[in-house]
Structure formats: structure tokens, C-alpha cells
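The block underneath contains the structure these notes are about, expressed in C-alpha cells.
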Amino acid sequence: MHYRRELLDFFGDAVDIEIHTICEGLGNGLSGDAVLTLSPISNNRLTPHLKEEIEIIHGSKVLTKAAYQRLMDLPKGTRAFLITTNKTASFDMATYLYQIGVNHIDFVPFYPGCASDPNLDIAITPGQTRFIPEHVRQVVDLGWRRISLDTFMSLMVVLRLKSEALIERLYHLSRDIMSHDFLTTPLDNVSRLKDMLSMMIDEIEDGILFLSNAGRPIFENNAFHSMLNLDPGLRQSPDLLNYLPEELTRQMAGPEAFDHKIIHIAATGQAFTLSKRSFYYYNNHSGFLIVLKDVQNIEKLEQKIRLDSVQKKYTAKYTFSDILGDSQAMSECIRHARRMAATDYPVLITGETGTGKELFAHSIHNASSRCEKPFIAINCASLSRDLLESELFGYEEGSFTGAKKGGKKGLFEFAHTGTIFLDEIGDMPFDLQAQLLRVLQEKEIRRVGSTSTIPVDVRIIAATNRDLKQMMEENLFRMDLYYRIGMFSLHLPPLRERPGDIPLLAAAILSQVPGSHPMSQELLKALSAQTWRGNIRELKNCVEYMAYMTDGPLSSRDLPSGYVPGPEPGPAREVPPIFQELPLRSRKLCFSILNALRERPMGRTRLMEVLGNSFTEYEVRTMLEYLTSEGCLLPRRGRGGTALSPEGNRIVLEYLIPRLSPRS
């Protein structure tokens, strides 16, 4: 009666309970939805009393947490009566207590009819206080053991009474009673595992149906019913197959197993994949497992997987902390870039190849409010006109030969709410520039072969090593696009204009190479004097070459061929005051220009030919402007070219010619 009340308190009026005891006789022809036994009794002993095959649950009893704590508070070595109703219950209780870790007490079993030990004055009992000997002075009443959590869960599964309210009651019980997970399940108690598996199968989103060898339904989960819109009253019905669509039962018939057959249900327009697999129990064929999957759900899952993989791929890797450089020029670039990142406007990054334009693009995105969104980079010079258009804007199915079925999203769609980095935008075809302008102005794109537009929210960062202003004059780059993307322009200085950063960069490059390779001051000076037309990329190649080709410290002797510095050009006596603040390379270029122009005036194109490949056009143009501002040159219009001024002639006569004379 005690355990009946406990069950009713948990399940309420959802269950009817009959009580039968072994002592009074179980009787015959018992029927019901489940049998719960809380005593150690085998299935073989129970089944003769049952009218039909009924699920037998071998339940268990556990202590409350408060009772367990009272036992643990007893001193180690305590010797006490363990009082129960009979010998079997006494040894069962002792075994249980040892299993839950109460092994510091010496239990002496005691039950009615058992001889008492008058020297013991402590008694421990699970609610059987009426059997305690009179001479006992201290009683630890553990109270009646409670039905375990896994017993309640097994009943919920078998009786199909799973609900949020019952789950909540299980949670509250778990705070008061001991867990029963540590107990060893008897071999004949396989029903508990079956119950747990049934609960898990019911949570699977695919439709599951077990069929016996004779084609009789044994079990089906919730998803199977919901996918086919079956009446809930058909659960576990032997007539279930009569209510299934004919297209399904026709495929299920027969002994053959198969995987992933596509079936279409004409009445509902649904499409499923159907699998039939043989099911074995102890090497005996016990039936078939039918698995039903909704094709529409499969397609949605595949799309999600593809999208997730795309988003993981399209992430910005670098931040401003990855940009190395202590020079004033680089510090200014980083400062300006950080302020640009705080806005949502397009950014145009210019600079020679290898100056770090992509590094800055990544950093601007990661410092912006879009940092958690996609970052997609594409090189506009690496693809043909048609490929670039389809990559950027996507295409519709059938828009051209070889187009994928269903079409394809473009990078602008994948970059929605994020950033797209258009590297080498100066190489973008002129007509595509108009489509890019539309994205900036209208915030929408149109796929190739489509007449409808798709709204997109994308920030654009562009980069180029070309002179876009000159390209506008030559009608190679749209003026309206330039002023849309160039509102925030960031020019990255070439490496030769920040030689002070070269030691820092070289050390960082060497830190990624195995081994120890300290650099001599002579080598650092030689590296700082180089042209580095490829900028940081070229420096990286040079430093890595030396590290892999040399063991130990590096010196200027380890420089690759073509990098060994020659004698410093310049005057034999001293450097003109106007050149003293210039870097060594700029100073060399100034003397080379003056030396070339002392022969005759010439234009910049001709001057570049005379100087050869030692200096870039940007360097020459910069130093021409500097020499003109210092009064050393007289620029002329037309074909006259640039000539030396009187001050320029003076510097040549006073400083340069003595350097070039035979005696020098």
C-alpha cells in the first residue's frame, strides 16, 4: 500500500493499480498494461500467473539523500543492527548499502525470529522500527526506501505516459532521492534497456517501423505517424498496414532489403526515401527495420550544411595586431584604417604589389561592426569577364551552357550583411563596373539570366596597385564608380619608404623558420638599402632563402645573387644639406637623376630608360618632385623635358663630378 500511494502521487489518476503479493499468492489470469515488481523475482516465476504477454518491469528502491547522509555521519567502525522484515530483505538491504558506498559500518542483520546480540545498542532500519530490540539505545531510522528514478522512467515509456509534467516530477524527485545508475542490472532485466531504447527511438525525426517476419507491426515511432498523417489511435495497432499508402506497402512487401528508394505518395504529393533492413536478435532473423525520410527535409539539411561550410570558409583571418611596422608612415596608415573601420562606407586601398593591401582589408572587417559576418575576397584579375560576373552575381538555371541545375548564388549573396573584398579592382572589365556601381547605389544585384533583383547588404573594400585616376583619363575606369569606392582612400607606402620597419619584418619572418638565425647589423643595413620592388613578399622570399640555405647566423654574404649592395654613390667629400635627411636609397636616386640630366634635358619616360630597372616609376616621380621643390630642376612643358637649374648645376659640379673623376 505504501508503494501504491507513491505511484499514485507520481502518475495521478492516469493509472489504475492492482496489488498482488507473493505471501498472499499471486493468483492466475492477471492482465494489465505492465507488471511492476519491487522484489527480486524472475520472469519465469511471474509469467505463469499472467493472462497474456505483458511487459515486466523489475523496479528498484533507493534511499533518500537525507537518509544516506545520516549513515555517512556515523563514525567509521560503527557496529549496528540492520533491521528488516526477513532474512532475504536483510541481506538485500546490506548489499544495497555497500553498493552505494556505505562501507564504514559493520552491519549485523536482524529480523523477526533472529537471535539478538545484547552487546549492540545501535540499530539501523528502513522504517521497520517495530522490530527493534528493547535494549537498543540509538536508532537510525532511514525511512521507507523510495521507488527509483529509472523505475519511474521505465513505467512512463511502457505506459506511454511521457509528458512535460511527469518529466518535471522526475526532476524534483532527483533532488531528494539517490541515483540508481550504479546498480548492476540482472541478466533477466533486459526490459529496462528496451524501455530506454524505445524512448530514444521515439525522439528520432526519421520514421521508424519494426515489422516481424510475418509482416506484423511490432513498433513504430511518433515520426512515422506524423510523416504519414496517421490517426494516433493506430499506435501499435495490428491493422496499421491497412492504413498506409499503397505506394509504401507495395515497396515494403517481399523479403528483399534495400536502401534509399525514392517513393512518391500521389494523394499528398509527398516524396520520401525508403530503406528496408533485416533485423537480427541473437543471430536469428527477427524481422525488418523500415526507415522513412522526408526528401524535403533532406534537401533543407543539405542546403544548411553547404551554407555553414561556406560561412566557415569566408572569414577574415587577420587583425591590426598582425600588421608589423613602427614607422610613422605605417602607424598613420593603421590609425586611418581603424577610423575607417568604424564606418560602414566603402574603402579603397592603394599601393604597390606586396604592401599588405589584403592584410588591411581583413583587419578593417574584423574591426568593424560586421566582424561576425562573412568576409569574402576575390581577385578581379584572376578570372575572365564572364566567370567574374557569374562568381560575383550568381546565375539562374539554364542561363548558359553548363549552368548548374537550380542556378548558383553569387558571392554578393553569400557576403550578405558582411564584407566583400575586391582585390585588383583596376582590372575589372568596364561593363562590370556599372553593375558594381548598381550594388553600391541600389543595394541589390541581378543574377545572370534573371530579370528579378535580390537585395543585398554588403560593405565593399577594394584594392588596386594601378593608378585609377590615370585610368579614368584613359576611359578605362568609371569616374562615378571611383568616387563611390574612393570616399575613404588608404595608400600603403612601399617598403623602401619605411626602411626602419625592415629589421622588425625580417625578424618576424625568421621566427616562422626552423632553427636559430640571428642577423648581423651589416645584413640589416644591406636589407634596408635594397629596392624591394616586390615589397614584403620579396623580402619574405629573400629572408627565407637565406635561412634555409644557411646554418646559424646570417650576414650580408648570405644574400641571394643580385641583392649584394654596391658602393654608396654620392660625393667624395660630403652630402649636400638638402639630401642629408633622405634615406640612402632616395639619396642614390637623386644623384642618378642629376647625373643623367647633366648630359641633356629629358622627359620622365626617357629618364626611366636611362636609369634602367634600378628604380620604380613611383620612386622617380617622387624624387623629381622633391628635386624641383628644392630648386635643383627646371620643369619644362611639352617635349623640352626636365633640365638642371643653376642650383642643380652647382651640386653636380661641387659634389657629383669629383666623385666621378678618375682620381676618385
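Since we're looking at a predicted model, the values are computed, not measured. If you read the sequence from its start, that first residue is 1, and numbering goes on from there.
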Quiz item: Counting heavy atoms not belonging to Phe430, are there more than 12 under 6.0 Å from its CZ?
Solution: yes

Quiz prompt | For Asp322, salt bridge (Lys or Arg N to Asp or Glu O under 4.0 Å) partners two or more places apart | solution = none

Quiz prompt | NZ (Lys357) with more than 12 external heavy atoms under 6.0 Å | solution = yes

Practice problem: Considering non-hydrogen atoms only, spot the tightest contact between Ala415 and Ile376 and give its length. | Solution: N-CD1, 3.5 Å

Quiz prompt | Neighbour count above 12 (heavy atom, 6.0 Å) for Arg175 CZ | solution = yes

Practice problem: Please answer whether the main-chain N or O of Met428 pairs with a side-chain N or O of Gln433 as donor and acceptor at a distance below 3.5 Å. | Solution: yes

Quiz item: Are Arg335 and Glu332 within salt-bridge range, i.e. N to O under 4.0 Å?
Solution: yes

Quiz item: Quick one: ring-ring contact (aromatic ring centres under 6.0 Å, His included) pairs with a partner in residues 501-559, sequence neighbours left out?
Solution: Trp532-Tyr563

Quiz prompt | Heavy-atom closest pair, residues Ala361 and Phe375 | solution = O-CE1, 3.8 Å

Practice problem: Indicate the atoms forming the closest heavy-atom contact of Gly500 with Pro503, along with that distance. | Solution: O-CD, 3.5 Å

Quiz item: Between Asp326 and Arg498, is a salt bridge (Lys or Arg N to Asp or Glu O under 4.0 Å) present by the stated rule, with each step listed?
Solution: CA-CA 9 Å; Asp326 295 329; Arg498 51 186 186 108; over 6 Å; no

Exercise. Applying side chain to side chain donor-acceptor pair (under 3.5 Å), run through Thr417 and Asp457 and close with a yes or a no.
Key: CA-CA 5 Å; Thr417 70; Asp457 173 21; over 6 Å; no

Quiz prompt | Tyr318, OH: over 12 other non-hydrogen atoms inside 6.0 angstrom | solution = no

Self-check item: Sidechain N-carboxylate O distance under 4.0 Å for Glu538, Arg533
Solution: no

Quiz item: Would you call Asp431 and Arg385 a salt bridge, taking side-chain N to carboxylate O under 4.0 Å as the test?
Solution: yes

Exercise. Show your working on ring-ring contact (aromatic ring centres under 6.0 Å, His included) between Phe579 and Phe591 and close with a plain yes or no.
Key: CA-CA 10 Å; Phe579 296 159; Phe591 277 108; 5.4 Å; yes

Quiz item: Is there a donor-acceptor pair under 3.5 Å between the side chain of Thr464 and the backbone N or O of Glu424?
Solution: no

Practice problem: I would like to know whether Asn465 and Thr353 meet side chain to side chain donor-acceptor pair (under 3.5 Å); could you show each step before the answer? | Solution: CA-CA 6 Å; Asn465 60 2; Thr353 298; 2.8 Å; yes

Quiz prompt | Between Asn535 and Glu352, a side-chain donor and acceptor under 3.5 Å | solution = yes

Practice problem: State, to 0.1 Å, how close Phe360 and Ala337 come at their nearest heavy-atom pair, and which atoms those are. | Solution: CD2-CB, 3.9 Å

Exercise. Report, as yes or no, whether the 6.0 Å neighbourhood of atom CD on Glu205 holds more than 12 heavy atoms from other residues, nucleotides or ligands.
Key: no

Quiz item: Do Glu413 and Arg447 pass the salt bridge (Lys or Arg N to Asp or Glu O under 4.0 Å) test, and can you show the C-alpha distance, the side-chain angles, and the key distance before you say yes or no?
Solution: CA-CA 10 Å; Glu413 290 180 70; Arg447 290 184 182 180; 2.9 Å; yes

Practice problem: State whether Arg557 and Glu522 are salt-bridged, where the test is any N-O pair (Lys NZ or Arg NE/NH1/NH2 against Asp/Glu carboxylate O) under 4.0 Å. | Solution: no

Quiz prompt | Residues Glu473 and Lys469 bridged, charged N to O under 4.0 Å | solution = no

Quiz prompt | Heavy atoms of other groups near Glu474 CD, more than 12 under 6.0 Å | solution = yes

Exercise. Give the minimum heavy-atom separation between Pro494 and Thr355, together with the two atoms involved.
Key: CA-CG2, 3.9 Å

Quiz item: Is it true that Glu391 and Lys409 have a side-chain N and a carboxylate O under 4.0 angstrom from each other?
Solution: no

Quiz item: Which atom names give the shortest non-hydrogen contact between Glu358 and Ala377, and what distance separates them?
Solution: OE2-CB, 4.3 Å

Quiz prompt | Asp259: salt bridge (Lys or Arg N to Asp or Glu O under 4.0 Å) partners, not counting sequence neighbours | solution = Arg277

